[in-house]
Structures are given as C-alpha cells and as structure tokens.
Amino acid sequence: MDNNFTDLAAPGVRALQPYQPGKPVAELEREYGIHDAVKLASNENPYGPSSLAIAAAGQALQDISRYPEGSGYLLTERLAGKHQVSSECITLGNGSNDVLDLVARVFLTPDHEAVYSQYAFAVYPIVVQAAGALPQVAAAHDGSHGPAYGHDLAAMSKLIGSNTRLVFIANPNNPTGTWLNSDELQAFIAGLPGHVMVVVDEAYFEYVDYLQYPDTSGWLERYPNLIVTRTFSKAYGLAGLRVGYSLSHPDVAGLLNRVRQPFNVNQPAQAAALAALDDYAHIEETVRGNHQGRQQLAAGLERLGLSYIESAGNFIAFETARPGMDVYHDLLQEGMIVRPLANYGMPYHLRVTVGLEEENRRFLEALERVLS
Ligand SMILES: Cc1ncc(COP(=O)(O)O)c(C=O)c1O
C-alpha cells in the first residue's frame with residue numbers, strides 16, 4: 001500500500017516547516033572533527049544556571065520514580081508572590097513555547113485568525129498553523145516611523161477583525177532584539193476589541209535595561225485579555241530543563257489548564273526554577289555580563305563595518321554583504337555556531353548570542369576571517 005501520510009495530515013500541519021533549533025556543539029564537533037567549538041546560536045545563558053538550581057534539581061532526582069507535583073504548587077505560589085498576583089493566574093509550561101501552544105489551542109480554530117509581526121519569533125506561526133487558524137502577518141517597521149525590523153503596532157491593529165482571536169507580541173522580539181515601550185504597548189492593548197486576546201512574550205525580560213520598558217505582568221487587572229509569558233530558559237540559564245509560565249486572568253488560566261498535559265513540568269525542573277528565583281546574585285551577574293558582552297559585540301561589529309539591529313536582549317542580529325547562510329557555513333568551519341536568519345525572511349542577517357568575553361572575542365575574530 002502506498003501511503004501518502006502528508007495528505008492525511010491536518011491542512012495547517014501540512015503547510016508547516018519544523019522549528020529549526022541551533023546546532024548543538026557536539027554535532028558540529030562530530031561532523032567537522034574539531035574541538036572547542038563555541039555555540040552562540042540559541043540565546044542561552046553563557047554563565048550557566050545558578051548553583052542553587054543545580055543543587056535543587058540534583059536533590060529532586062532522588063524522587064524521579066514518582067510523578068511530578070502536577071499543579072507545580074510550590075513554584076506557582078512563589079511566582080504568584082514574585083508578581084503579586086493570585087496563584088490562579090499562573091500556568092506552568094514545558095518552556096514558554098508550551099504555554100504559547102496552549103494559548104493557540106484554547107483560542108484558535110480554523111475559523112479564526114491570529115496577528116503577529118513580520119520577523120516575530122518563529123514559534124508563533126507554528127502554533128497558529130498547527131491549530132488550523134489563519135496567520136495575519138503585519139509588515140514590520142521599515143525604519144521611517146519606528147525601529148527598523150521592529151513590530152509596527154499600527155500595522156498590526158489594521159489586521160484585527162471580527163475573526164481575530166489572538167495577537168502575539170514579543171517584547172523584546174527574537175531574532176531582531178527590538179522592543180516596545182510602555183506607552184505604545186499600553187495604548188495598543190487598551191484599544192483591542194473584547195474578543196481579542198493578546199500574548200506579550202517577555203522571554204528576555206530580565207535583560208532589558210531601558211527605563212520605558214514595561215513589566216506587563218503588572219497590567220493583568222487592567223487588561224483581562226492579556227496573557228504574559230516568561231521563561232527560565234534565558235537569564236535563569238535553565239533552557240535544558242524546560243520551564244516557562246504565563247500570567248493571565250484566572251479564567252484564562254483555567255482554560256489553559258484544560259488542555260495542559262498532566263505533569264508537563266518535571267520535578268527537577270520545578271525544583272531548579274524555584275531555587276533559581278532566590279539567586280538574585282546570579283541574575284545580576286548574568287545581566288551585567290550580558291550588558292558588557294553586548295557592547296563588546298556591537299563595538300566589534302562596528303569595527304568590521306557591519307550594521308546591526310540595536311537589541312534589548314542577549315543577542316544581536318547583524319547584516320552581511322554575503323548571504324547569511326554562506327557566512328553561517330564558513331563560521332561553522334571555524335568552530336563557531338551562530339544563527340542564519342533566512343528562515344525569518346532576513347537572508348543577509350545572522351544572529352549571534354552574547355557569550356562570555358572570550359567567546360565574543362573568538363566570534364569576532366572568526367567573523368573577520370570569514371568576511372575578509
Ligand atoms: C521570544 C521567545 N519566546 C519564547 C521562547 C521560548 O523559550 P522556552 O520555550 O525555552 O521558554 C524563546 C526562545 O528562544 C524566544 O526567543
């Protein structure tokens with residue numbers, strides 16, 4: 001029998017391209033027979049996790065013959081305290097991607113539309129199309145009325161209609177690093193019709209040091225249609241454990257909980273996240289190091305005559321005269337893994353994650369060699 005499984009798949013799934021993760025160091029070293037490769041491709045924390053988190057996860061390993069605490073009680077209570085909301089507002093996810101998927105499954109059907117920006121985080125199209133809904137992609141700023149490549153909220157507003165159920169906003173956005181300030185974001189959310197939910201994805205929240213950058217977790221009472229997502233994968237350095245969460249109206253959290261898989265966050269991950277929240281020194285060191293490293297990278301890119309997009313996150317997107325994919329492959333030969341952005345519709349851009357000082361230096365040297 002000749003099965004064409006693709007024809008059997010749901011239409012939204014048929015049109016999808018799988019998410020492309022950054023290449024792991026071990027894979028590059030195996031393929032190229034090299035050692036000491038550097039990965040600056042997935043916006044991970046180069047300082048690693050808090051030692052408190054490692055100890056807590058290790059302790060929790062003793063109990064892995066048991067199912068995790070399904071409600072994530074301790075972590076949820078701690079997060080509620082941190083954000084000064086009721087614990088009923090919190091939904092835990094296997095990474096914040098999991099929560100983005102839950103939101104799409106709850107609010108989208110093939111009769112509905114979701115709005116997001118050109119160059120927005122790659123998981124939005126995946127969860128929208130997997131739900132069978134129609135993506136409405138707003139052109140990003142071209143630089144004349146706002147930061148080039150950044151979300152254009154006016155353009156996004158124009159795409160909102162009676163079938164719209166969801167809007168995704170990444171603040172700051174990955175891969176561009178662009179961000180929205182408090183006033184413009186608030187005006188946008190306040191102007192949304194009642195049938196539209198808005199997700200503000202704050203995966204890089206801890207890194208942002210601009211005064212006008214909002215903490216939208218404080219806006220929940222004002223805007224019941226707001227869902228804020230956060231993650232432990234970035235500044236907290238726990239990407240491998242997969243913990244994220246959302247803050248929302250309790251009724252929305254109740255709906256997310258209906259489709260959430262039981263035990264979606266494992267016990268070592270819950271324990272590590274809980275401990276990480278108490279290690280303020282680790283976050284401070286991470287954020288300080290990122291600030292310096294981002295300046296180091298920006299200065300190095302300028303020295304090489306390359307233009308880059310000003311970033312509020314732990315990464316920088318920069319432009320090359322040659323196709324980014326070619327530069328990416330040349331950098332792999334140098335043992336340097338970054339991210340080409342062709343799949344974001346930015347064929348001449350690459351994104352580099354801010355690493356340790358030494359890693360940033362090695363990246364800039366390798367880049368200079370492959371571009372010369
Ligand atoms: C903007 C944005 N949102 C969400 C995520 C998802 O992260 P995680 O699922 O690890 O929490 C990422 C990861 O790269 C991201 O860049």
Side-chain angles (χ1 to χ4, degrees), residues 18-24 39-46 48-49 53 72 75 79 90-104 114 116-128 130 140 149-151 166-180 185 198-208 213 216-217 227-247 256 260-261 264-266 269-270 272-273 276-277 290 309 311-317 337-341 343-344 346 349 351-354:
Y19 179 81
Q20 291 169 1
K23 199 179 190 58
K39 181 184 176 205
L40 299 175
S42 299
N43 302 344
E44 295 150 339
N45 184 338
L75 179 57
L79 288 169
I90 311 273
T91 306
L92 297 183
N94 193 258
S96 54
N97 281 340
D98 188 26
V99 187
L100 297 172
D101 190 48
L102 298 181
V103 173
Y116 51 86
S117 174
Q118 183 185 18
Y119 313 128
F121 180 46
V123 165
Y124 309 153
I126 293 178
V127 298
V128 170
Y149 302 97
H151 290 13
L166 266 184
V167 177
F168 288 98
I169 292 176
N171 199 30
N173 182 45
N174 167 25
T176 58
T178 48
W179 73 97
L180 297 160
L185 186 54
V198 55
V199 176
V200 179
D201 175 346
E202 297 182 343
Y204 300 93
F205 177 87
E206 295 78 9
Y207 288 113
V208 187
Y213 174 73
T216 59
S217 72
I227 303 171
V228 183
T229 59
R230 295 280 185 95
T231 184
F232 285 90
S233 300
K234 305 300 174 183
Y236 288 100
L238 296 175
L241 282 180
R242 316 301 303 126
V243 198
Y245 62 99
S246 64
L247 299 130
L256 299 179
R260 185 176 70 86
Q261 290 293 326
N264 62 336
V265 182
N266 68 67
Q270 289 184 34
L277 286 168
N290 184 64
I309 307 172
S311 169
N314 65 340
F315 54 88
I316 302 185
I337 313 170
V338 297
R339 191 66 80 98
L341 297 182
N343 62 333
Y344 276 94
M346 302 169 76
H349 279 84
R351 187 196 70 198
V352 59
T353 299
V354 177

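First listed ligand is number 1; within each ligand, the first listed atom is number 1. Note that the numbering runs from 1 along the sequence shown for the chain. Quick caveat, the model's predicted, so the values are computed rather than measured.
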A.B. asks: Cut-off 3.5 Å, side chains only: do D201 and Y124 have a donor facing an acceptor?
C.D. replies: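 Looking only at side-chain atoms, Y124 and D201 do form a donor-acceptor pair, the distance falling under 3.5 Å.
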A.B. asks: Say whether, by atom type as modelled, one donor and one acceptor occur between the side chain of N171 and the main chain of L180 under 3.5 angstrom.
C.D. replies: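 The answer is yes, because a donor-acceptor pair under 3.5 Å joins these two groups.
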A.B. asks: Can you tell me the protein heavy atom closest to atom 12 (C) of ligand 1 and the distance?
C.D. replies: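 For this ligand atom, the closest protein heavy atom is F121 CZ, 3.3 Å.
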A.B. asks: Considering all heavy atoms of both residues, which atom of I90 and which atom of L79 are nearest to each other, and what is their separation?
C.D. replies: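 The answer is CD1-CB, 3.9 Å.
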A.B. asks: Side chain, backbone, both or neither: which part of S96 comes within less than 4.0 Å of ligand 1 when only heavy atoms are counted?
C.D. replies: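 For S96, backbone and side-chain atoms both sit under 4.0 Å from ligand 1.
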A.B. asks: Are F315 and Y204 close enough that their ring centers fall under 6.0 Å?
C.D. replies: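 Ring centroids of F315 and Y204 are less than 6.0 Å from each other.
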A.B. asks: Please list the nearest protein heavy atom to atom 14 (O) of ligand 1 with its residue and the distance rounded to 0.1 Å.
C.D. replies: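 Its nearest protein heavy-atom neighbour is K234 NZ, 2.9 Å.
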A.B. asks: Tell me whether N173 contacts the main-chain N or O of G150 through its side chain, where contact means a donor paired with an acceptor under 3.5 Å.
C.D. replies: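 Answer holds: no.
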A.B. asks: Just which atoms of ligand 1 are under 4.0 Å from any heavy atom in N174?
C.D. replies: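 Result: 1 (C), 14 (O), 15 (C), 16 (O).
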A.B. asks: May I ask whether A203 places a heavy atom under 4.0 Å from ligand 1?
C.D. replies: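 Yes, A203 has heavy atoms under 4.0 Å from ligand 1.
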A.B. asks: For atom 9 (O) of ligand 1, find the nearest protein heavy atom and state the residue, atom name and distance (0.1 Å precision).
C.D. replies: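 The answer is R242 NH2, 2.8 Å.
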A.B. asks: Would you say the side-chain atoms of R339 and N43 include a donor-acceptor pair closer than 3.5 Å?
C.D. replies: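 On atom types as modelled, these side chains do not qualify, holding no pair under 3.5 Å.
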A.B. asks: I'd like to check whether T231 has a polar contact with ligand 1, where a contact means an N/O of the residue lying under 3.5 Å from an N/O of the ligand.
C.D. replies: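 Yes; the residue has a nitrogen or oxygen that sits under 3.5 Å from a nitrogen or oxygen of the ligand.
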A.B. asks: Applying a 4.0 Å heavy-atom criterion (strictly less than), which segment of N97 is in contact with ligand 1: side chain, backbone, both, or neither?
C.D. replies: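 Looking at N97 and ligand 1, atoms from backbone and side chain both fall under 4.0 Å.
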A.B. asks: Working note: Y344 + H349, criterion ring-ring contact (aromatic ring centres under 6.0 Å, His included); need CA distance, chi angles, decisive distance, verdict.
C.D. replies: CA-CA 9 Å; Y344 276 94; H349 279 84; over 10 Å; no
A.B. asks: What protein heavy atom is closest to atom 10 (O) of ligand 1, reported as residue, atom name and distance in Å?
C.D. replies: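 Sorting protein heavy atoms by distance from atom 10 (O) of ligand 1 puts S233 OG, 2.6 Å first.
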A.B. asks: Which one holds for F232 and ligand 1: side chain close, backbone close, both close, or neither close, with close meaning a heavy atom under 4.0 Å?
C.D. replies: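 It is neither; nothing of F232 touches ligand 1.
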A.B. asks: Contact between D201 and ligand 1, counting heavy atoms under 4.0 Å?
C.D. replies: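 Judged by the 4.0 Å heavy-atom criterion, D201 does count as contacting ligand 1.
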A.B. asks: May I ask you to decide if Y245's main-chain N or O and R230's side chain share a donor-acceptor pair within less than 3.5 Å?
C.D. replies: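 No: the side chain of R230 does not pair with the backbone of Y245.
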